[in-house]
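Working notes for the structure below.
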Amino acid sequence: MVRILFILCIFSITGCTKAVPEFFDLYPSTNDEAPKKDPERLLPTDILPLQESSPNWNDYFVVSKNETQLSKILSAPVCDPLELIHEQTCVHGGVLKKVVTNFDSCSDLTFHDYLNAFEWECQEVGPAVGYMAAVIYSKGLKKDIKLINLIDTTKLTWKLNFLTVTHSVSNQNYITESKAWWNNVITNFPYGNSAVLRDEGTIYYNEAGRTSQGFSIVADKISIINNDIADFSFSTASINCDFDLNSPNSPDNSCGLHINYKNFLWIEDLKLKGNDNTHVGLYLNGVNFSRFHHIRVSKFTDRGIQMRDSNNNFFNNIDALHTLQGGLFAYGFTSINSSYNRFYNIRTANNKTNGFELASNSTKNIVFNLKSYNNGDKGLAIYDNSKENIVTKALLTNNEQWGTKFRDAGYNTLSHATLANNVLDGINTHEVGSSHTQLIQILAAYNGQSGIDFGEASNNFATQIVSVKNNSAVNMLSGSNNNDFTENFIFGNNTSDCIINSSGTGGLDSSCEDNYGHPSNKIDIGSEGSTYFKASLDSGGDSVNNSDDSNGVVNDADLTSIDWLNFDNSFRAWGKKTTFLGTTSQGTCGNSGYCKIWDWQLDVTSPLKNKSYNGTSDNESYLAGVLCPSAVDGNKVHKDYLINAVEIVGDYIGNDDGLCNSYETCIYSPNFGYHQGDPSSILSGQCLFNDGLVKGVTMKAYSN
């Protein structure tokens, strides 16, 4: 018997209590054994799917987009993406389970599944089922759990699982039957140079690295799971995908994994490594309601990842590196005419052109935590009528042109971003069609042209802006009008601060004074703070990356052999080798291979650190149990979100768009830009949030 320590913190809208740590002998020593339990300990019902229409892993059901309590839906039909109306979306039913308990109240109940894989909540269900009962629902997988954690890969079977419910008053434990929770077939990934995955609902397991000419998915509801050290290499080209979309039956290019018009997929731990003859690593055309976790693509000639006409997909922990050739087409990650997708924790580096691109009518996508550096063109590009996208938390450095470029793409939001060491502008919204851009918590520094270039774009909103050590802080041309600067606007140490060729309502004049009617707190930082960032590693290298660097530097190296992703902290990135930040440090390492690791944390002496409230004085201290700092007062807002906080995404609370709205759990932003403390260390407890236009926020903070 195995002794298990329960230390549970239960999330419940009905006030389920936290568990008291407790030891009890209950669980089997292996996953094959049924747990030994007395009959009275069995719960009255077994684990059930939340919706009978969606019992298996990649099953989805239809809901209203406004539906916030899935547990209240008595019956929902199977999802058909082609039949959805505007107000509908689809939900991954495979991870949603329920169990009815013996109790009529959630009070004093704690719960936990044997595999410790799911987040759970309790709700009290009444007249809808004809009686009062406490029903426990799974909300989804825990943050670090993958599909492979639910599978015995040696036997290719589901691991047995059960739910334990503890009633703290009676000190009794109630259990569901120990069983597999899904019926999907699990099988080995097929061998062969051009594998075709065609069995709907099947989970394919790949154990070892292999060489391939490309493979494809030709059925819905397929999953791929991989041994995390396995990769697919493409040593020879196979013309296997229709890159120009003329006909799926007439392929014209080579792809690593290509998927045409398939839905409800789950792909995790997939590593694709190309060569000079393979055009695209992961090619998605007409793919909807699918999930991609821990994907790495590298060394493809055109695009690392391309998605076209693909909507409502979820990407998490995606790396795109080293697209090799192809000029215009050598992108890390490109989305074309694709909307309602979510991209979390994206790293893209050393690509020949753009790092990350939303193009051609790609609307209402969410991008959270994007690092894009040392790319041959732009770090982030949003193009051609791609509107209402939200990008929150972005580090965009050492790109050969712009940090961010909006081209004929208006109504987009960029929040909590640091843009530095780019050859041209930090942010460029030059065209008229890029009007109505929202910029929140921006730090632009050491860029070769402007920190922010509005060009001829109008009606832009900018709050909490820092633009220092650029050629100019802000640039506006004659067609740029009605730009609104609010809260802190910090500038200085630029060759010129405000270059304004706009009319009288542009938003700023040539002295950086407001002329639009919403005056900002203008702060000319002058020569204060010659050190803004930690920046240089000349005194010592990066211990995580020390196989590649000597004191943070690589001389005359093969750029594709450098470890571009792993550093001592998440604020470090490769860029051009120079001794100091300045005009010579802008841009990519280039073909010479003289590269350096830069650290974009704010220096402890930086005049930009811990001053997000008024730009000059240190913020009030963040302390658990006392009133939150004034910088995150409920009235420090733009529209319906706080300007000095970001949402914690993936916690099953709120809308997960990265912006801090009412009743969400958020992280306080004491600084300007991307660096807000150590994201691996959240301080215990929470400060007391002062309600205003935004209400009911649970405010936490990083160790800083």
Side-chain angles (χ1 to χ4, degrees), residues 273 296-299 304 317-324 330-333 345-356 369-380 393-404 417-424 426 445-448 532-601 673-675:
K273 186 181 297 183
R296 180 174 299 176
V297 293
S298 63
K299 299 185 180 180
N317 291 314
I318 309 296
D319 301 326
L321 310 168
H322 316 313
T323 46
L324 301 176
Y331 301 97
F333 198 133
N345 305 311
I346 309 296
R347 299 182 296 183
T348 176
N350 198 42
N351 300 291
K352 287 295 184 181
T353 55
N354 298 335
F356 188 95
N369 196 24
L370 168 67
K371 287 182 64 176
S372 185
Y373 48 96
N374 205 80
N375 297 293
D377 202 324
K378 308 161 193 71
L380 167 66
K393 292 187 64 177
L395 182 64
L396 306 161
T397 62
N398 282 97
N399 296 292
E400 198 63 26
Q401 293 192 21
W402 296 279
T404 296
T418 294
L419 309 102
N421 259 10
N422 300 293
V423 171
L424 301 180
Y446 298 97
N447 297 292
Y532 298 116
F533 303 99
K534 289 188 176 180
S536 179
L537 298 186
D538 287 342
S539 60
D542 187 298
S543 61
V544 172
N545 211 311
N546 60 13
S547 62
D548 293 326
D549 75 85
S550 174
N551 290 330
V553 171
V554 172
N555 293 323
D556 196 20
D558 174 5
L559 298 189
T560 62
S561 67
I562 295 174
D563 181 353
W564 285 86
L565 301 174
N566 299 298
F567 304 99
D568 279 2
N569 64 64
S570 60
F571 305 100
R572 292 183 177 180
W574 288 98
K576 183 181 289 186
K577 176 192 171 184
T578 58
T579 303
F580 302 105
L581 286 169
T583 55
T584 60
S585 66
Q586 294 159 358
T588 63
C589 299
N591 295 325
S592 65
Y594 297 101
C595 298
K596 180 186 179 94
I597 298 173
W598 297 98
D599 191 322
W600 298 106
Q601 293 181 91
Y674 182 73
H675 173 221

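The analysis underlying the following values was restricted to heavy atoms, covering all of them including side chains, and did not include hydrogens, waters or symmetry mates.
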Keeping the roles fixed (side chain from [X], backbone from [Y]), state whether a donor-acceptor pair exists under 3.5 Å.
X: Tyr594; Y: Val553; value: no
X: Glu400; Y: Thr588; value: yes
X: Trp574; Y: Leu565; value: no
X: Trp598; Y: Lys576; value: yes
X: Asn545; Y: Phe567; value: no
X: Asn447; Y: Asn422; value: yes

Practice prompt. Just grab all the salt bridge (Lys or Arg N to Asp or Glu O under 4.0 Å) pairs involving residues 369-379, residues at least two apart or on different chains.
Written response: none
Discussion item. By the salt bridge (Lys or Arg N to Asp or Glu O under 4.0 Å) test, which pairs, at least two apart or in different chains, include something from residues 564-574?
Written reply: Asp542-Arg572, Asp568-Arg572, Arg572-Asp599
Kindly write out the residues that satisfy side-chain hydrogen bond (donor to acceptor under 3.5 Å, both in side chains) with [X], not counting sequence neighbours, or none if the list is empty.
X: Lys273; answer: none
X: Ser298; answer: none
X: Ser570; answer: none
X: Thr348; answer: Asn351

Item to complete: Give the ring-plane orientation class for His675 versus Phe571, where under 30° counts as parallel, over 60° as perpendicular and anything between as tilted.
Response: perpendicular
To the nearest 0.5 Å, what is the distance between [atom1] ([X]) and [atom2] ([Y])?
X: Leu321; Y: Phe333; atom1: CG; atom2: CZ; value: 13.0 Å
X: Cys589; Y: Ile562; atom1: SG; atom2: CD1; value: 6.0 Å
X: Asn350; Y: Lys299; atom1: CG; atom2: NZ; value: 10.5 Å
X: Arg296; Y: Asn317; atom1: CZ; atom2: CG; value: 10.5 Å
X: Ile346; Y: Lys393; atom1: CD1; atom2: NZ; value: 13.0 Å

Quick one: closest heavy-atom pair of [X] and [Y], and the distance?
X: Gly379; Y: Leu396; answer: C-CD2, 4.1 Å
X: Leu559; Y: Cys595; answer: CD2-SG, 3.4 Å
X: Ser372; Y: Gly355; answer: OG-CA, 3.5 Å
X: Tyr446; Y: Gly582; answer: CD2-N, 3.8 Å

Are side-chain heavy atoms of [X] and [Y] found at a separation under 4.5 Å?
X: Leu581; Y: Gln586; answer: no
X: Leu370; Y: Leu380; answer: yes
X: Val423; Y: Gln401; answer: no

Item to complete: Indicate, with yes or no, if the rings of Trp600 and Phe533 have centres closer together than 6.0 Å.
Response: yes
Worksheet, complete the sentence: Partner of Asn398 under side chain to side chain donor-acceptor pair (under 3.5 Å), picked from Asn374, Asn375, Asn421, is Asn421
Practice prompt. Check the pair Tyr674, Asn369 against side-chain hydrogen bond (donor to acceptor under 3.5 Å, both in side chains), reporting the backbone distance first and the verdict last.
Written response: CA-CA 9 Å; Tyr674 182 73; Asn369 196 24; 2.6 Å; yes
